[in-house]
Amino acid sequence: MAIAGSIEAKTSEQLLLDAIAGVGAGGLLTNSDGRAQFAAEMARRQPESRVTCWLLDLYQQQQIRATQLLPANLDLVCATDPPQNEVDCVGWAFSRQGNGELVRDMLQIGHERLAVGGRMLAAIDNPRDQWLNECLQRIFDKVSRQASKRGVLYSATKTAALKKRKEYAAEFAFRDGEQLIHLRTRPGVFSHRELDLGARSLIKAMAVSPNMRVLDLGCGSGAVGVAAALRAEGVRVDAIDSNPRAVESTAWAAERNAAPALTARLDCDGTTVPPASYDLVLANPPYYSHFRIARLFTDIAKRALAPGGTLLVVTKQAPWYEEHLPANFADVQAEQVGNYVVVRGRRE
């Protein structure tokens, strides 16, 4: 089914929408791989119920709010974890291209939030799926499977609490010169469980002087920001990310590595970044979204850098930056660092 006046739901969320008639009243916890179509429709159909749509992306939350009028009984929550309150139904929409460990984490979280007797719906856009089925079988006594050409919808009822809870957070460390830096990440954070090689190349290429003010764009695990904060005396680092779990990871790393001059904030578009305030901006943009995020990061850097300040971007797609940065930055140069390229430009 398609909801009139709404953006077309992605396949897995559409599978949840197809099953909406069988979802009874009561508290509902769900996510979205699109614009919260399932959550919004459930809230409209069950105005006496409280519906929570949990997101790990502030940009997605803002887009959902900007594209539709949401029912008053729908809460859009962008946080490290969904609220602790007990619910009667959990509806998860997953993609076959998604993060497997995040899926397992969400299944466990959903099971914990469910009341005994509550039901979990889990949809995936893979008609031949067996992996999600196996994950569900590990935590539920009985799982029903409804397959179609578009994917599979699973349904399971909670009969008892989990006997054993799995910890999906991971702690690890890396060296920056003589400094051993400790990190802690969770599923959904970029480069969970290990230091990204692009981040390592960026750390190797950056030059940080005493009393610098540094901005870490898309801070992820916090590796780059913490390394910058510990490089020299008096360095102050602001780190931003659209993922609340990344902000949590960076804040943890700042405390664990005794870097109190590092502050992490949830920010997807640079609205919390003061203009013309930084000597150095560090960025490791993701490659998806057809350079939308790369453009966003360079625009934020343009506003954030003080005159003479430097932008460093690590990438494997240097030609795009070499073409676009000269419009706003001087002395644009590209340097091979390991298997990556670090592109730098100076703010005039």
Side-chain angles (χ1 to χ4, degrees), residues 1-46 49 51-57 60 64 74 82 87-163 166 168 187-188 288:
M1 62 178 289
I3 305 304
S6 70
I7 299 172
E8 184 68 23
K10 292 187 178 180
T11 300
S12 55
E13 195 155 356
Q14 188 65 54
L15 292 171
L16 292 176
L17 283 165
D18 290 345
I20 204 167
V23 181
L28 169 69
L29 170 64
T30 186
N31 70 326
S32 179
D33 57 359
R35 293 291 182 260
Q37 291 94 336
F38 175 65
E41 186 64 13
M42 274 300 304
R44 294 185 187 102
R45 292 192 179 207
Q46 303 285 356
S49 300
V51 178
T52 300
C53 183
W54 174 53
L55 307 167
L56 282 175
D57 183 1
Q60 183 188 20
I64 292 171
L74 170 58
V87 298
D88 302 290
C89 182
V90 171
W92 290 145
F94 299 125
S95 167
R96 73 174 82 188
Q97 298 175 332
N99 181 315
E101 194 163 9
L102 178 59
V103 170
R104 292 193 294 270
D105 187 21
M106 290 176 63
L107 292 178
Q108 179 172 266
I109 289 172
H111 191 283
E112 291 174 338
R113 300 297 190 273
L114 273 176
V116 174
R119 185 161 66 121
M120 178 180 289
L121 300 174
I124 189 167
D125 56 354
N126 179 8
R128 299 180 179 180
D129 172 75
Q130 291 299 329
W131 178 82
L132 180 57
N133 190 12
E134 293 170 0
C135 291
L136 287 162
Q137 296 280 358
R138 294 189 189 104
I139 60 175
F140 288 97
D141 293 331
K142 184 178 180 181
V143 179
S144 66
R145 185 177 191 273
Q146 183 180 343
S148 68
K149 293 181 179 180
R150 297 176 297 166
V152 183
L153 176 69
Y154 295 101
S155 177
T157 300
K158 179 175 177 176
T159 57
L162 288 174
K163 295 179 180 178
K166 182 175 176 59
Y168 288 100
Y288 59 83

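Nothing fancy with the numbering, it's 1 onward along the sequence. In what follows, every heavy atom counts, from backbone to side chain, and hydrogens, waters and symmetry copies are set aside. In this text, all values refer to a predicted model and were calculated from it rather than measured experimentally.
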Participant: Between Lys142 and Thr157, is there a side-chain heavy-atom distance shorter than 4.5 Å?
Facilitator: no
Participant: Could you check whether Ser95 and Asp33, counting side-chain N and O atoms only, form a donor-acceptor pair closer than 3.5 Å?
Facilitator: no
Participant: Mind listing the closest non-hydrogen atom pair of Ala156 and Val143 along with its distance?
Facilitator: CB-CG2, 4.1 Å
Participant: Using 0.5 Å steps for rounding, measure from the CD1 atom of Ile124 to the CZ atom of Arg96.
Facilitator: 8.0 Å
Participant: Give the intermediate values and the outcome of side chain to side chain contact (heavy atoms under 4.5 Å, CB included) for residues Phe140 and Leu107.
Facilitator: CA-CA 10 Å; Phe140 288 97; Leu107 292 178; 5.9 Å; no
Participant: How far apart are the closest heavy atoms of His111 and Ile139, and which atoms are they?
Facilitator: NE2-O, 3.3 Å
Participant: Does Gln37 offer a backbone N or O that forms a donor-acceptor pair with the side chain of Glu13 under 3.5 Å?
Facilitator: yes
Participant: Mind checking the CZ-OG spacing from Arg119 to Ser144? Nearest 0.5 Å is all I need.
Facilitator: 7.5 Å
Participant: Locate the shortest heavy-atom distance separating Pro127 from Val152; write the atom from each residue and the value.
Facilitator: O-CG2, 3.6 Å
Participant: Using modelled atom types and a 3.5 Å cut-off, is there a donor and acceptor pairing between side-chain atoms of Ser49 and backbone atoms of Ala25?
Facilitator: no
Participant: Exactly one of Leu121, Asp88, Thr30 should register a side-chain contact (heavy atoms from CB on, under 4.5 Å) with Val23. Which one does?
Facilitator: Leu121
Participant: Counting N and O atoms only, with roles assigned by atom type, does the side chain of Arg113 sit under 3.5 Å from a partner on the main chain of Leu29, one being a donor and the other an acceptor?
Facilitator: no
Participant: Show the numbers, then the answer: is there a side chain to side chain contact (heavy atoms under 4.5 Å, CB included) between Leu15 and Arg150?
Facilitator: CA-CA 8 Å; Leu15 292 171; Arg150 297 176 297 166; 4.0 Å; yes
Participant: Would you find a donor on one side and an acceptor on the other, under 3.5 Å apart, between the side chain of Lys158 and the backbone of Gly118?
Facilitator: no
Participant: Treating Asp129 as the side-chain partner and Gly151 as the backbone partner, does any N or O pair qualify as donor plus acceptor under 3.5 Å?
Facilitator: no
Participant: Could you give me the CA-CA distance, side-chain angles and deciding distance for Phe38 and Trp92, then say whether side chain to side chain contact (heavy atoms under 4.5 Å, CB included) is met?
Facilitator: CA-CA 10 Å; Phe38 175 65; Trp92 290 145; over 6 Å; no
Participant: Considering residues, nucleotides and ligands other than Gln130, do more than 12 of their heavy atoms fall under 6.0 Å from its CD?
Facilitator: yes
Participant: Looking only at heavy atoms, what is the nearest atom pair of Gly100 and Trp131, with distance?
Facilitator: O-CH2, 3.5 Å
Participant: Measuring from Leu114:CG to Met120:CE, what's the distance to the nearest 0.5 Å?
Facilitator: 5.5 Å
Participant: So, does Gln60 use its side chain to make a donor-acceptor pair with the main chain of Ser32 at under 3.5 Å?
Facilitator: yes
Participant: Is Ser12 reaching over with its side chain to a backbone N or O of Phe94, donor-acceptor style, under 3.5 angstrom?
Facilitator: yes
Participant: Quick check against the 3.5 Å criterion: does Asn31 have a side-chain atom that pairs as donor or acceptor with the backbone of Ala93?
Facilitator: yes
Participant: Run the side chain to side chain contact (heavy atoms under 4.5 Å, CB included) test on Leu132 and Asn126 for me, step by step, so that the C-alpha distance in whole Å, both residues' side-chain angles and the decisive distance to 0.1 Å come before the verdict.
Facilitator: CA-CA 10 Å; Leu132 180 57; Asn126 179 8; over 6 Å; no
Participant: Locate the shortest heavy-atom distance separating Ala122 from Leu136; write the atom from each residue and the value.
Facilitator: CB-CD1, 4.1 Å
Participant: Closest approach of Val87 and Val90, non-hydrogen atoms and distance?
Facilitator: CG2-CG2, 3.8 Å
Participant: Quick one: CD on Gln108 to CG on Leu162, what's the gap to the nearest 0.5 Å?
Facilitator: 6.0 Å
Participant: Please name the residue in the list Arg145, Gln137, Gln146 that meets the side-chain contact (heavy atoms from CB on, under 4.5 Å) test with Tyr154.
Facilitator: Arg145
